[in-house]
Number of protein chains: 2
Amino acid sequence: MGIRVLLGRESRNVPLLRRVETVAALSAEEREALLRVPMSVRDLPPRTDILCEGERPETCCVVLSGYAIRYKIGAEGDRHIIAFHVPGDIPDLQSLHLAVMDHTLASLTGMTAGLIAHRDLHDLNLRYPRLAGALWRLTLVDAAVFREWIVNLGHRDALSRTAHFLCEMHTRLASVGLGNGDAIELPISQTDLADALGVSAVHMNRTLQELRARKLIESNGRMIMARDWSALAALGEFDPAYLHITPHERADPA
Amino acid sequence: MGIRVLLGRESRNVPLLRRVETVAALSAEEREALLRVPMSVRDLPPRTDILCEGERPETCCVVLSGYAIRYKIGAEGDRHIIAFHVPGDIPDLQSLHLAVMDHTLASLTGMTAGLIAHRDLHDLNLRYPRLAGALWRLTLVDAAVFREWIVNLGHRDALSRTAHFLCEMHTRLASVGLGNGDAIELPISQTDLADALGVSAVHMNRTLQELRARKLIESNGRMIMARDWSALAALGEFDPAYLHITPHERADPA
DNA sequence: CGCAACATTGACAACTCTCAACCAATGTGG
DNA sequence: CCACATTGGTTGAGAGTTGTCAATGTTGCG
């Protein structure tokens, strides 16, 4: 609660609270503690690196609005997008216990980020063990998403891979109260999508055309709007279980 | 310390200790506490499911000898191997905070497993916060490996993908004191490898032949012996940084 | 207007898959 | 001891998916 930091109390970190509550039930006290964590807010332009591979951050970064991505750069300078993040996510929560970044965190769209000091999070964890469990759980859900991406990349073709991706983003956005009802709008360029789904930009384009032709999505410019969720889910073999968004399920002992 | 459980004190969970110490420095007291955790030991035949998707385990499973795998079953019954685990690993550590399994854990080879009750681990975590941090860290390294696999599957062809996999296994085995010096022996069938690397069994076979032709590996029967690590690492763009095996690096505050 | 970034297209090459055999090692029952 | 089944490795041929290259639209913006 320093001078130049903005207090969460001002409802800035509501997205974070909402996210945490998708994976764990909190007591009033814990909720209050989470909202009270000092957070400094920063606005970022699109496509800006926030934290680079090799760095040793001393803060964690909450996505408050917009999209973030994590990526690695290959030997020949090619970019591999590892994850997309929506408001409420803490894309670098792992830095709390993994000192050096093994990938880069960046904004994808214009984005506002909330920075929380590691020290404050460690304090929170010591004071509220169940909150610590909830944060741990967030990192485990992160890993669960990675597992599903491994299956997606290793065993599905470009078409169903893309369908699966769209379903995941829709579900995640909806779980934190975003998502315009039935159709999401993803402001993602085809090149970005291609780097995430492990296909060439040309093939990404053709894949999207195929999805359009099948009336599963609409897309104009860099917006993708889903049209037929159940068909997309079937095509992508999408089962949201791996997202573990069940507020009342907890492994912790009472 | 019940009657029918075997005490770790009997040096059964030394592999676990060794693994934990590859990611965090422990005090004598913490080391002692870890060794003292009650653990029941079980021998498993090859290819046996230990924990299935959908289950809600109340124990965690330490690999004491042999190899374990984690996999998901696709819609058409196809198996996707997500991870390989070597002695010292706790493949289902995430179950501590993620109640329901989103994949299956199984033995790959003959294997001996040590089961630790969630309750005992939670106790340990409350009593020794730094040990809790170390376990959290283990799950984060798990996730870091997933991230690298995403890059491997999404952006490398079968040849360099396989090279990368071999380098990872070698490094992980060596980090816990296994691995016969320069060459590892992987008792993995080509079919299993294929399911892990996202290629068909036929193509896996041809890929291995190519690696053999290039004098990078030797393989007879179901043993794969690496021949030229530096060439494999170059081919697979392997950089062990993502394994975070640096005993003295810690993000935790002093 | 003209640049810049992104989307789209066509043609061709490369990678990987599937199918369908066949071979080799191992283990079991007669 | 051999016949046989089973598992896993190997091979060839043809097809399908995806990548690359290069060019052409299209859109937004200074």
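Sequence lines set the chain letters: A, B, ... in the order given, protein chains first and strands last, and positions in each chain run from 1.
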Round to the nearest Å and state the distance from H155(B) atom NE2 to dC15(C) atom P. 17 Å
Less than 3.5 Å apart, any donor N or O on the side chain of Q209(A) or N205(A) sitting next to an acceptor on the other? yes
Residue pair H80(B), I150(A): steps toward the side chain to side chain contact (heavy atoms under 4.5 Å, CB included) verdict: CA-CA 9 Å; H80(B) 320 307; I150(A) 287 175; over 6 Å; no
side-chain N/O Q190(B) vs dT7(D) OP1/OP2, d < 4.0 Å: no
Can R172(A) and S175(A) be counted as having a side-chain donor-acceptor contact under 3.5 angstrom? no
Pairs under 3.5 angstrom, nitrogen or oxygen only, protein versus nucleotides 16-18 of chain C, please.
from	atom 1	to	atom 2	distance (Å)
dT16(C)	OP1	A158(B)	N	3.1
dT16(C)	OP2	H203(B)	NE2	3.1
dT16(C)	O5'	H203(B)	NE2	3.4
dC17(C)	OP1	S200(B)	N	3.1
dC17(C)	OP2	S200(B)	N	2.9
dC17(C)	OP2	S200(B)	OG	3.1

Answer with yes or no whether the side chains of Y71(B) and D49(B) bring together a donor and an acceptor at under 3.5 Å. yes
Expressed as a whole number of angstroms, how long is the span from L197(A):CG to dT17(D):P? 18 Å
Got a salt bridge between E210(A) and R206(A), using NZ or NE/NH1/NH2 to carboxylate O under 4.0 Å? no
Between P of dG8(D) and CD1 of I188(B), the distance in whole Å: 13 Å
Gap between atoms CG and C1', on D78(A) and dT20(D) respectively (whole Å): 14 Å
Any heavy-atom pair between the side chains of F146(B) and I82(A) that's under 4.5 Å? no
Tell me whether the side-chain N/O atoms of R212(B) come closer than 4.0 Å to OP1 or OP2 in dT10(D). yes
Please determine whether the number of non-hydrogen atoms from other residues, nucleotides or ligands lying under 6.0 Å from atom CZ of R227(A) exceeds 12. no
Tell me the interatomic distance from L108(A), atom CG, to dA5(C), atom P, rounded to whole angstroms. 16 Å
Rounding to a whole Å, what distance do you find between E210(A):CD and dT9(C):P? 13 Å
Give the rounded distance in Å between these two atoms: CG of L193(B) and P of dG8(D). 13 Å
Are OP1 or OP2 of dT8(C) and a side-chain N or O of N205(A) less than 4.0 angstrom apart? yes
Would you mind reading off the distance between I224(A) atom CD1 and dC6(C) atom P, rounded to a whole angstrom? 14 Å
